[in-house]
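Please read all numbers here as calculations on a predicted model, not as lab measurements.
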Amino acid sequence: MIIKIPDWCYIGKTIEWSARHITGNDWVKETIIAYGTDGFFHQAKNCPMYYTKFSEYGKTVREVQ
């Protein structure tokens, strides 16, 4: 199986993730830690790990400015 990883998505990169439904904050900074078949795993320090699809870029995931 070949997984196509977008250029913006690499392990160790800090992204902002919309966690309004969990934390009440609009955007939370998290680090990409692994890949799945159609997305990536990300986690903030001392927080649970979450999985987001690559297609969520620009919707619930954005690059840190």
Side-chain angles (χ1 to χ4, degrees):
M1 173 188 291
I2 297 174
I3 300 171
K4 293 187 178 189
I5 309 291
D7 292 340
W8 61 267
C9 187
Y10 56 87
I11 293 176
K13 180 175 182 148
T14 301
I15 50 109
E16 289 184 322
W17 177 61
S18 178
R20 182 179 301 168
H21 61 288
I22 297 171
T23 64
N25 296 332
D26 286 339
W27 296 94
V28 177
K29 289 185 181 180
E30 298 201 343
T31 304
I32 297 172
I33 57 173
Y35 300 120
T37 55
D38 62 349
F40 60 97
F41 294 92
H42 49 94
Q43 183 177 33
K45 187 175 182 178
N46 298 323
C47 292
M49 177 174 50
Y50 295 98
Y51 184 79
T52 301
K53 292 187 176 189
F54 297 129
S55 61
E56 286 297 304
Y57 181 74
K59 300 173 189 170
T60 62
V61 174
R62 65 183 182 191
E63 294 182 66
V64 174
Q65 300 297 330

Decide yes or no for Tyr10 and Tyr35: does some side-chain heavy atom of the first lie under 4.5 Å from some side-chain heavy atom of the second?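 Tyr10 vs Tyr35: side chains touch.
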Val61 with Ile33, same ILVMFWY side-chain cluster at under 4.5 Å: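 Each belongs to a different hydrophobic cluster.
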Do Ile15 and Phe41 share a hydrophobic cluster (ILVMFWY, side-chain heavy atoms under 4.5 Å, transitive)?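 No, it is not one cluster - the side chains of Ile15 and Phe41 are not joined through contacts under 4.5 Å.
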Minimum-distance pair of heavy atoms, taken over all atoms of Trp27 and Arg62: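 Closest heavy-atom pair between Trp27 and Arg62: CD1-NH2, 3.1 Å.
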Show me the donor-acceptor pairs within less than 3.5 Å that the side chains of residues 46-54 make with the rest of the protein, sequence neighbours left out.
unit_1, atom_1, unit_2, atom_2, d
Tyr51, OH, Asp38, N, 3.2
Tyr51, OH, Asp38, OD1, 2.6
Tyr51, OH, Gly39, N, 2.8
Thr52, OG1, His42, NE2, 2.6

Name the atoms and distances for all side-chain donor-acceptor pairs under 3.5 Å in residues 1-9, with sequence neighbours left out.
none

Partners of Thr14 by side-chain contact (heavy atoms from CB on, under 4.5 Å), sequence neighbours excluded?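 Thr14 satisfies side-chain contact (heavy atoms from CB on, under 4.5 Å) with Lys29, Thr31, Val64 only.
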With Thr60, which residues qualify under side chain to side chain donor-acceptor pair (under 3.5 Å), at least two apart?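 Once residues adjacent in sequence are excluded, the partners of Thr60 under the side chain to side chain donor-acceptor pair (under 3.5 Å) criterion are Glu56.
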Set of salt bridge (charged side-chain N to carboxylate O under 4.0 Å, His left out) partners for Lys13, sequence neighbours left out: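 Checked Lys13 against salt bridge (charged side-chain N to carboxylate O under 4.0 Å, His left out); matches are Glu63.
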